[in-house]
Asks: 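I have a structure here, written as structure tokens, and I will follow up with some questions on it.
Since this is a predicted model, take the numbers as computed values, not measurements. Index from 1, following the sequence. Order of listing sets the numbers, starting from 1, for every ligand and every atom in it.
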Amino acid sequence: MVAKIIDGKEFAARVRGEVAAQVSALAGHGQPGLAVVLVGEDPASQVYVRSKGKMTVEVGMKSVEHKLPAETSEAELLTVIADLNADESIHGILVQLPLPGHMNEDLVINAIDPAKDVDGFHISNVGLLGTGQKSMVPCTPLGCLMMLRDHHGSLSGMDAVVIGRSNIVGKPMAQLLLGDSCTVTIAHSRTKDLADVVRRADIVVAAVGRPEMVPGDWIKEGATVIDVGINRIDAPEKGEGKTRLVGDVHFESAVERAGAITPVPGGVGPMTIACLLANTLTAFCRSKGLPEPEGLTV
Ligand code: GUN
């Protein structure tokens, strides 16, 4: 079997188009606003934040960026967050992670108003998701779920394995799959026979950050593979000093066995910012007592 390639770039463009249409339709109620806070000069974070700002404006939302120096104190950052919490023109707040080492990330994230926590990292949102209540859902797992629902319709009764137990992807992904009535296994670095666990799965979500660690012969014939990994590796075949991006799954072998698979790049990656915009729209609608945007929340 040769897998269908799930085109995340195209899917994300569709989601952003839907967000833009709803922002325009709701203009009479005001404009959704998203604030991004970046502390320090991490180059990858800077690229990501620039891209977020551009796409926020493209869908018709207000975009605010707070770029603070790496030596900003935790107290100063908390003041910025308190001001954004109180700002009625701001409906979503994202503090880019990782934060510099002298800051307590949990404390900072939990200072964000949970209703504006478009990352879904606040402990209240984690608890709401875990108990099946309305919450803000972390963007990357939300994007993965949207792609799975789009491909399968119902996920009910499917065997799903999530490889990786991070708070940002693995754990919320498992909660979402459970919410859609999958039988869920969370595998991690101490899992005894990972190959065996993966071979039984109808859905494989790989989110460990280890280049090509899942070989194609672990994939059950016809399974759906969602590859969250974005790993840069050396590519001497492209020339000296060149690199390329690969996922956590060995794509060339997995594509021969899977029923559907997301590529890297161009799979899950583009969905994250699209879901951030979807979450900002959801937060805006909730703040105004409007119906939630259909198809853009769980
Ligand atoms: N750093 C890398 N990914 C993310 C994300 O999704 N949200 C935040 N806040 N920081 C990140």
Asks: For ligand 1 and P98, I'd like to know whether there is a polar contact (N/O to N/O, distance under 3.5 Å).
Replies: no
Asks: Check ligand 1 against L94 and write out every atom of the ligand that is under 4.0 Å from a heavy-atom position of the residue.
Replies: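 Atoms satisfying the 4.0 Å criterion: 9 (N).
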Asks: R199 side chain to D217 main-chain N or O, any donor-acceptor pair under 3.5 Å?
Replies: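 At least one qualifying donor-acceptor pair exists.
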Asks: Mind checking whether L276 contacts ligand 1 via backbone (N, CA, C, O), side chain (CB onward), both or neither, at a 4.0 Å heavy-atom cut-off?
Replies: neither
Asks: Please report the closest heavy-atom contact between H102 and E74, naming both atoms and the distance.
Replies: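 Looking at all heavy atoms of both residues, the shortest contact is O-OE2, 4.2 Å.
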Asks: Any N/O of L97 closer than 3.5 Å to an N/O of ligand 1?
Replies: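 Yes, at least one N or O pair falls under 3.5 Å.
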Asks: Can you report which non-hydrogen protein atom sits closest to atom 3 (N) of ligand 1, along with the distance?
Replies: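 That would be Y48 CE2, 4.2 Å.
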Asks: Salt bridge (charged side-chain N to carboxylate O under 4.0 Å, His left out) between E10 and R14: does it pass, once the steps are laid out?
Replies: CA-CA 6 Å; E10 191 254 355; R14 222 187 318 149; 3.6 Å; yes
Asks: Indicate yes or no: does K220 engage D202 in a salt bridge with an N to O separation below 4.0 Å.
Replies: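 Looking at D202 together with K220, the answer is yes, because their closest N to O distance falls below 4.0 Å.
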Asks: Closest non-hydrogen protein atom to atom 7 (N) of ligand 1, residue and atom name please, with distance?
Replies: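 Protein heavy atom with the smallest distance to atom 7 (N) of ligand 1: D119 OD1, 3.1 Å.
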Asks: Determine the minimum heavy-atom distance between L277 and M61, stating which atoms define it.
Replies: O-CE, 3.3 Å
